[in-house]
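Since the structure comes first, as structure tokens, the remarks are kept for the end.
Numbered from 1 within each chain, the chains take letters A, B, ... in sequence-line order.
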Amino acid sequence: MLKIYNSLTREKQDFVPITPGSVRMYVCGMTVYDYCHLGHARVLVVFDLVQRWLRASGLQVCYVRNITDIDDKIIKRARENNESIGELTARFIRFMDEDAAALGVEKPDHEPRATEHVPQMLALIGQLEKNGLAYQAAAGDVNFSVRKFPGYGKLSGKSLDDLQAGERVDVDAGKEDPLDFVLWKQAKEGEPFWASPWGNGRPGWHIECSAMSSELLGKHFDIHGGGQDLQFPHHENEIAQSEGAHACRFVNYWMHNGFVRVDDEKMSKSLGNFFTIREILKRYDPEVLRFFIVRAHYRSPLNYSDAHLDDARHALSRLYTALKAAQPGNSEVDWTEAHALRFGAAMNDDFNTPEACAVLFDLAAEVNRSKSAELATQLRGLSGLLGLLRRDPQVFLQATPSGGEEMPAERIETLIAARAAAKQGRDYAAADRIRAELAVAGVVLEDGVKGTSWRRA
RNA sequence: GGCGCGAUAGCAAAGCGGUUAUGCACCGGAUUGCAAAUCCGUGUAGGUGGGUUCGACUCCCGCUCGCGCCUCCA
């Protein structure tokens, strides 16, 4: 039985889908005006893991991850770049797709874009107005009236009065309450706009997720995910909008992944301490980055550093080395086998991927001892469920990070042949010189019964 | 100020009221022409002060420290 930690109740709960046998899941995706950073990589990978495990558990999954392609920052950036919003967002959507693909993230079933769902948003705003939860302020913005929605704050554990007491709340004269949030923004001069019953304007940020989730998944669905920083106000506001408009429960299970940190501080665009995915991939294999994310629990903070990625790379090499030494078959995972049972139990315990990884390492040790093809098959099969160990071990072990200036494989092979000749003639000094030369180039030789193989250190 | 999360060995990171987490690094041994990889073995833990218990890293309370949200952010 799968258990999921529900942010709404703050406890692990048995996962019971609304419709037996199928799951509907919505995850807040990217605002596309810049390259994805490591924090984005984490959401992509974490919910890819969730999605994979749900499917592996035999559930039919409808996974939706939205794309925010209209907002203040996009408008600002397009203006700075002197290009159209469409050009800007198309480019960064492409980059996002490339990054996600590199990390082994499977495509969601739907990737709705905000700009393609404005009519649905307007309908939702209309319904909120009809229900007495929305009002148009003097300046033209349409706001959501948080005081009129009972239960506002239930997801983030905040009370409206505590929020009022805070010092960081915007003061906007047009709002009836400072905490009211905007559903529809009145267009200013030179800004893109859509026509609406409330005048020309564009959607507020939160409304798109309420509109697109109900469009694709219905008014009530199973799982809603996103980064921890979206819990408040974004997800709180989504609940207010969706439940306020539809008068029924919105989401059963809320999942929030922990932050990526740098030097124990949140990695974020505002702090400017972020690393983009493609920057990292110039120096590390994408699978290493994926493994780095997979081996931490999704709710824990994850500290980024080169040392940690180096560590992840060495650990992943151990798994691939075990695979290389055996001959895994192509059959499916045998779920009656001991390691698979442990793996399944770990994943069912709120997606405990660190524990699942520990099982993989135990399995690898077992494979190394026994050279069992069956266990090697299990190792590859279980790892595959995490999106790992999909490549030929040789390819991984000999891979160079993109843009690297390592010694080419042909040159390495030539040197290995020369060394073999030297060894044949018992000239071990010459053989060791060649090994040393390769070692300097970051190449490690491994003499075996079937000859010499090599890998990058 | 309000709300919440965390503190595990050299580093990273899990489970668990009593029995080996796991990975990297380190040490000893096997293996090797020498290595590497692998195997065998050893060691290194759970912030601090109390409490509950036959027994606590694991449950409860206090304290200290760190982090997050309360403002756009995955």
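Relative orientation of the W53(A) and F343(A) rings is perpendicular, given thresholds of 30° and 60° on the angle between their planes. Using cut-offs of 30° and 60° on the angle between ring planes, the pair F351(A) and Y298(A) is perpendicular. In this structure, H224(A) and Y26(A) have tilted ring planes: the angle between them lies in the 30° to 60° band.
Residue A41(A) is out of contact with every strand shown, counting any heavy-atom pair closer than 4.0 Å. Contacts of G39(A) with the nucleic acid, taken as non-hydrogen atoms under 4.0 Å apart, include base atoms. When heavy atoms are screened at a 4.0 angstrom cut-off, L445(A) is found touching base atoms of the nucleic acid. No engagement by K324(A) is indicated, since no non-hydrogen atom pair under 4.0 Å with the nucleic acid exists. In this structure, G153(A) reaches neither bases nor backbone, as no heavy-atom distance under 4.0 Å exists between it and the strands shown. Looking at heavy-atom distances under 4.0 Å, R455(A) makes contact with sugar-phosphate atoms alone, never a base. Looking at heavy-atom distances under 4.0 Å, D362(A) makes contact with sugar-phosphate atoms alone, never a base. Nucleic acid contact for N368(A): sugar-phosphate only, since backbone atoms but no base atoms lie under 4.0 Å from a heavy atom of the residue. Residue contacts for V260(A): at a heavy-atom cut-off of 4.0 Å it reaches a base atom on one of the strands shown. Across all strands, S268(A) comes closer than 4.0 Å to base atoms (heavy-atom distances). Among the protein residues, Y428(A) comes within range of the nucleic acid bases, having at least one heavy atom under 4.0 Å from a base atom. Looking at heavy-atom distances under 4.0 Å, H37(A) makes contact with a base. Residue A358(A) is classed as a base contact, given a heavy-atom separation below 4.0 Å to a base.
Side chain of W205(A), nearest nucleotide from A14(B), G23(B), C72(B): C72(B). Counting only heavy atoms from C-beta on, P233(A) has its side chain closest to C70(B) among U22(B), C70(B), A74(B). With distances taken from any side-chain atom of A431(A) to the nucleotides G33(B), A74(B), C39(B), the minimum falls on G33(B). Nearest nucleotide to the side chain of R369(A), out of C40(B), A14(B), U22(B): C40(B). Across A35(B), A14(B), A74(B), the shortest atom-to-atom separation from the side chain of R435(A) is found for A35(B). Proximity note for T31(A) (side chain, C-beta onward) versus C3(B), A74(B), G4(B): the nearest is A74(B).
Using modelled atom types, no side-chain atom of Q13(A) and backbone atom of I4(A) make a donor-acceptor pair closer than 3.5 Å. Side chain of R202(A) to main chain of E191(A): no donor-acceptor pair is present (N/O by atom type, distance under 3.5 Å, no hydrogens or angles). With D141(A) contributing its side chain and Q186(A) its backbone, the two residues share a donor-acceptor pair below 3.5 Å.
Counting distance only, with no hydrogens placed and no angle test, the side-chain atoms of R318(A) and the base atoms of C24(B) include no donor-acceptor pair under 3.5 Å. Scanning atom types as modelled, one donor and one acceptor separated by under 3.5 angstrom connect the side chain of R419(A) and the base of G33(B). Residue side chain S156(A) does not reach the base of C69(B) through any donor-acceptor N/O pair under 3.5 Å, judged by distance alone. On a pure distance criterion of 3.5 Å, a polar donor-acceptor pair joins the side chain of D447(A) and the base of C34(B). The base of A25(B) is not paired with the side chain of H314(A) by any donor and acceptor separated by under 3.5 Å. No hydrogens or angles were tested; on distance alone, a donor-acceptor pair under 3.5 Å links the side chain of D432(A) to the base of G33(B). Below the 3.5 angstrom threshold, one finds no donor paired with an acceptor across the side chain of R295(A) and the base of A13(B).
When the C1' atom is compared between C26(B) and U44(B), the two are found 9 Å apart, to the nearest whole Å. For the P atoms, the distance linking A35(B) with U22(B) amounts to 28 Å, nearest Å. Separation of the P atoms belonging to G1(B) and A14(B) is 30 Å when rounded to the nearest angstrom. Taking atom P on both A13(B) and G68(B), the two are 16 Å apart, rounded to the nearest angstrom. The gap from the C1' atom of U19(B) to that of A74(B) amounts to 41 Å, rounded to the nearest Å. Only the P atoms considered, C11(B) is 25 Å distant from U64(B), to the nearest whole Å. Nucleotides A45(B) and C16(B) are separated by 15 Å at their C1' atoms, to the nearest Å. Only the P atoms considered, C3(B) is 14 Å distant from C63(B), to the nearest whole Å.
Distance check, rounded to the nearest 0.5 Å: CG of L230(A) to SG of C28(A) gives 5.5 Å.
To the nearest angstrom, P of A37(B) lies 18 Å from CG of L323(A). Rounded to an integer number of Å, the gap from D310(A) CG to G23(B) C1' is 14 Å. Regarding H339(A), its NE2 atom lies at a distance of 11 Å from the P atom of U22(B), rounded to whole Å. Atom pair K423(A):NZ and A36(B):C1' shows a separation of 11 Å (rounding to whole Å applied). Separating the CE atom of M347(A) from the P atom of G15(B) is a distance of 14 Å, rounded to the nearest angstrom. Between the CD atom of E366(A) and the C1' atom of U38(B) there is a distance of 14 Å, rounded to whole Å. Atom C1' of nucleotide C5(B) and atom CD of Q231(A) are separated by 11 Å, given to the nearest angstrom. Atoms CG (L155(A)) and P (C5(B)) sit 14 Å apart, rounded to a whole Å.
By the rule that a glycosidic angle within 90° of 0 means syn, G46(B) counts as syn.
Checking the phosphate oxygens (OP1, OP2) of A14(B), a side-chain nitrogen or oxygen of S300(A) falls inside 4.0 Å.
Donor-acceptor pairing under 3.5 Å is lacking for the side chains of E243(A) and Y152(A). In the model, E236(A) has a side-chain atom that pairs as donor or acceptor with a side-chain atom of S156(A) under 3.5 Å. Residues E111(A) and N66(A) bring no donor and acceptor atom of their side chains to less than 3.5 Å of each other. Side-chain polar atoms of D447(A) and T452(A) form a donor-acceptor pair below 3.5 angstrom.
Remark: K266(A) is positioned above the aromatic ring of F259(A), its terminal NZ or CZ atom under 6.0 angstrom from the ring centre and at most 45 degrees off the axis.
For RNA chain B, each stem of at least three Watson-Crick or G-U pairs (distances under 3.5 Å) is given as range with range: B:1-7 with B:64-70, B:10-12 with B:22-24, B:27-30 with B:38-41, B:47-51 with B:59-63.
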Show each protein N/O and nucleotides 66-68 of chain B N/O combination with a separation under 3.5 Å, one pair to a line.
residue : atom : partner : partner atom : Å
C67(B)  : O2'  : R261(A) : NH2          : 2.8
G68(B)  : OP1  : K266(A) : N            : 3.3

Give every pair of a protein N or O atom and an N or O atom of nucleotides 8-11 of chain B that lie under 3.5 Å apart, one pair per line with the distance.
none

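With respect to E98(A) and R278(A), a salt bridge is recorded, a charged nitrogen being found less than 4.0 Å from a carboxylate O.
For F92(A) and F95(A), the gap between ring centers is short of 6.0 Å. Aromatic ring centroids of H206(A) and F181(A) lie under 6.0 Å apart.
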